[in-house]
Protein chains: 2
Amino acid sequence: MTTIRDVAKLAGVSPSTASRVLHDSDMISEATKKKVRQAMKELDYSPNYLAQNLANKSNNMIGIVLPVRHDQPALSNNPFFMQIIQGIVTVCNQRNYMVSLATGQTDEELITNLTTLSKQGQINKFIFVYSKENDPVFDYVQKRTEAETIVVGSPYAKVTKRARYVNNDNVQAGKDLTNYLLKRGYQEVAYVYSNLSEVVQEDRYMGYKDALKAKAEHLLCLESSDQTELVANFLETNPEVDAFVACDDMTAIFLQQILTRLGLAANAYGLAGFNNSLIGQLVHPSLTSVEIHPYELGMEAAKLLTQATTKNYLLVEHTIIKRDSTK
Amino acid sequence: MTTIRDVAKLAGVSPSTASRVLHDSDMISEATKKKVRQAMKELDYSPNYLAQNLANKSNNMIGIVLPVRHDQPALSNNPFFMQIIQGIVTVCNQRNYMVSLATGQTDEELITNLTTLSKQGQINKFIFVYSKENDPVFDYVQKRTEAETIVVGSPYAKVTKRARYVNNDNVQAGKDLTNYLLKRGYQEVAYVYSNLSEVVQEDRYMGYKDALKAKAEHLLCLESSDQTELVANFLETNPEVDAFVACDDMTAIFLQQILTRLGLAANAYGLAGFNNSLIGQLVHPSLTSVEIHPYELGMEAAKLLTQATTKNYLLVEHTIIKRDSTK
DNA sequence: TTGTAAGCGTTATCAG
DNA sequence: CTGATAACGCTTACAA
């Protein structure tokens, strides 16, 4: 391992000078900067973060908090962890931050792990990649630690300087998607959800309602692709409906399967979902969906933590991906 | 932040003694151990890893290598990243290892990031959570670094002490699943795949073939739920087929959709997949599938790296989850 | 069995 | 502008 002393020696300067060059201090002459940088290159030097952090009492680590293992809702609510994480990691790598992970089997275990991470003085910046109501883990971090926190997802708690959010504008997305269907010529659009008590589904529903204006609302609650009867009844009671906005792609696909099973043609109804999941692209007819850009969500969350900023609530754009399921 | 000096002072010993107690050295008397531990408890002390690692020139960090962002195949091949990662993190947290992440937009960027991590002397243990043929990133780590590596997935390269694997026995799983269908009374089982050049699909196919023994093989290549014609033709040419083993749940679901579209009853054919994906449970009829225990895969990978062991190839058990799609 | 002191690689303070 | 020196928190010879 080559250290900053080696660099200094080769460049014929003192370690402190070399250190200053490393940080591009403006109290160093261009001449020596050149010399030192040359030496760094020759020795293929890269600084030791452990030592840097120890000396600085700083730390360039951010912790990603994953949902606990058995938290099915949190896990399935958000099929984009990987992409969010990739976004976070990309930004952090660029900015020379290390990314560490924390999770556990249970809330208690996760809290213990987070405490350890935070007490060791290693990490005082966390990104929660899930968002859920009354999360004891989140509450703990807020109350018992000094850590700065970003949540990716819908805010359940109050937004503060120490608890900031990166999210999509789900209300707007719901509105946009519904309007898109209306513009495509569909007359009566229904909203399909699985659990309205989830903020995301609720937000998208608000947007849907908003887009309808004078038009009548049609609501269908669908939890699996088993519920053929339920859908048949719905179609009978709501014969005017000619399109569906589903709260997510999975729900949309369940509906699609049921419609097929009911013997309806592929394009009998307009159908659109959210999240632009892989499976939605491959299904027949391929599903129009709202891309929510999870990668960008992750990037923004990481940026918020790695730079001075006043923002504490940040919205990431969405995009409607038009496919065959909407005429 | 409370340091080991604080502990030592409170316990009335020297820092080195306190340090020794921290590591349960056997050259310290039980009496002083007790005193020191008491002090640690009182002060709620926990050691600073940065300092420990710096002093030790050791490092208790392992790096998880994610596929690069645009590597769709690697990403969709493996819908279990999150669970694998949770397994890894759980074990590492228990054993006081930190987990760090690396990824990038491109192979080059990822390689740069890994080099940095490794040169800084921070990390010399990596877990690749994806496995792919001729991966330049993997090759780089093998050839240019001293790092120990574990790959979760099918080995593409030679297994060595420095490149170890944790995987399922996919051949056996293919065999087991096919045999299960045969035992259920299905007579002629077909294998459905999307790309046989992927080791996983190929392995499962080998197992399928193995289970058939005297029986005839039937192969169907299906890439999306669009291909209604293709399936109709297949059924015509292979009228004796009464069940399908699909290379994964997604493929199974595509087939299920097409069969429905062809007007066939839900249980006209037996159908089973692999991976026990969420969507397979919710689909109608719910899908029999092989659970491959990704969480355990992650745990085993982490164990391999955090304890002395001679094993360099480890198989994790699979389980057939029986649902409605197989009578 | 315990304490002293040097050192891990870096940075910050203070002199020059 | 640059260089010595002490310090970050911990470990480990070496000494006692």
B:M27 CE to D:dA13 C1', straight-line distance once rounded to whole Å: 10 Å
A:F128/A:F126 under ring pair (Phe, Tyr, Trp, His ring centres under 6.0 Å): CA gap, chis, key distance, verdict: CA-CA 6 Å; A:F128 282 68; A:F126 291 109; 7.1 Å; no
Report yes or no: do B:Y140 and B:E108 form a side-chain donor-acceptor pair below 3.5 Å? no
Ranking D:dT12, D:dC8, C:dA12 by distance to the side chain of A:K57, first place goes to D:dC8
In this structure, how many angstroms lie between the C1' atom of C:dT10 and the CE atom of A:M40, rounded? 12 Å
Looking for any heavy atom pair under 4.0 Å, which part of the strands does B:Y45 touch: base, sugar-phosphate only, or nothing? sugar-phosphate
Looking only at C:dG9, C:dT2, C:dC14, the nucleotide nearest the A:N48 side chain is C:dG9
How would you label the contact of B:I4 with the nucleic acid (heavy atoms, under 4.0 Å): base, sugar-phosphate, or nothing? sugar-phosphate
If you assign each of B:P15 and A:T32 to its closest nucleotide in DNA chain D, which residue comes earlier from the 5' end? A:T32
Rounding to a whole Å, what distance do you find between B:Q52:CD and C:dG9:P? 17 Å
Between D:dT2, C:dG7, D:dA13, spot the one nearest the side chain of B:A55, thanks. C:dG7
Is A:S19 close enough to C:dT11 that one of its side-chain N or O atoms is under 4.0 Å from OP1 or OP2 there? yes
Check the surroundings of atom CZ in B:R5: do more than 12 heavy atoms from other residues, nucleotides or ligands lie under 6.0 Å from it? no
Considering only D:dT11, C:dT11, D:dC8, which nucleotide approaches the side chain of A:H23 most closely? C:dT11
Nearest whole Å is fine: how far is C:dA5 P from B:R5 CZ? 11 Å
Check every atom of C:dC8, D:dT2, D:dC10 against the side chain of A:T17 and return the nucleotide holding the closest atom. D:dT2
Going through the checks in order, is the salt bridge (charged side-chain N to carboxylate O under 4.0 Å, His left out) test met by A:D24 and A:R37? CA-CA 10 Å; A:D24 201 18; A:R37 289 200 178 115; 3.0 Å; yes
Residue B:V13, side-chain atoms from C-beta onward, closest of D:dT12, C:dG3, C:dG9: C:dG3
Whole-Å distance, A:N59 CG to D:dC8 P, equals 17 Å
Closest nucleotide of DNA chain C for B:N56 versus for B:A18: which of these residues is on the 5' side? B:A18
Between the side chains of A:S131 and A:Y165, does any donor sit under 3.5 Å from an acceptor? no
Grab the OH-P distance between A:Y49 and C:dG9 for me, whole Å please. 17 Å
note: A:K34, atom NZ; D:dT2, atom P; distance rounded to Å ~ 14 Å
Verify the neighbour count for atom CD of A:Q307: are there more than 12 heavy atoms of other residues, nucleotides or ligands below 6.0 Å? yes
Less than 4.0 angstrom between a side-chain N/O of B:T3 and OP1 or OP2 of D:dG9, yes or no? no
With a 3.5 Å cut-off and heavy atoms only, can you find an N or O donor on one side and an acceptor on the other between the side chain of B:S16 and the base of C:dT4? yes
Whole-Å gap separating P (D:dA7) and CG (A:N53): 21 Å
State which of C:dT11, C:dT2, C:dT10 makes the closest approach to the side chain of A:P47. C:dT10
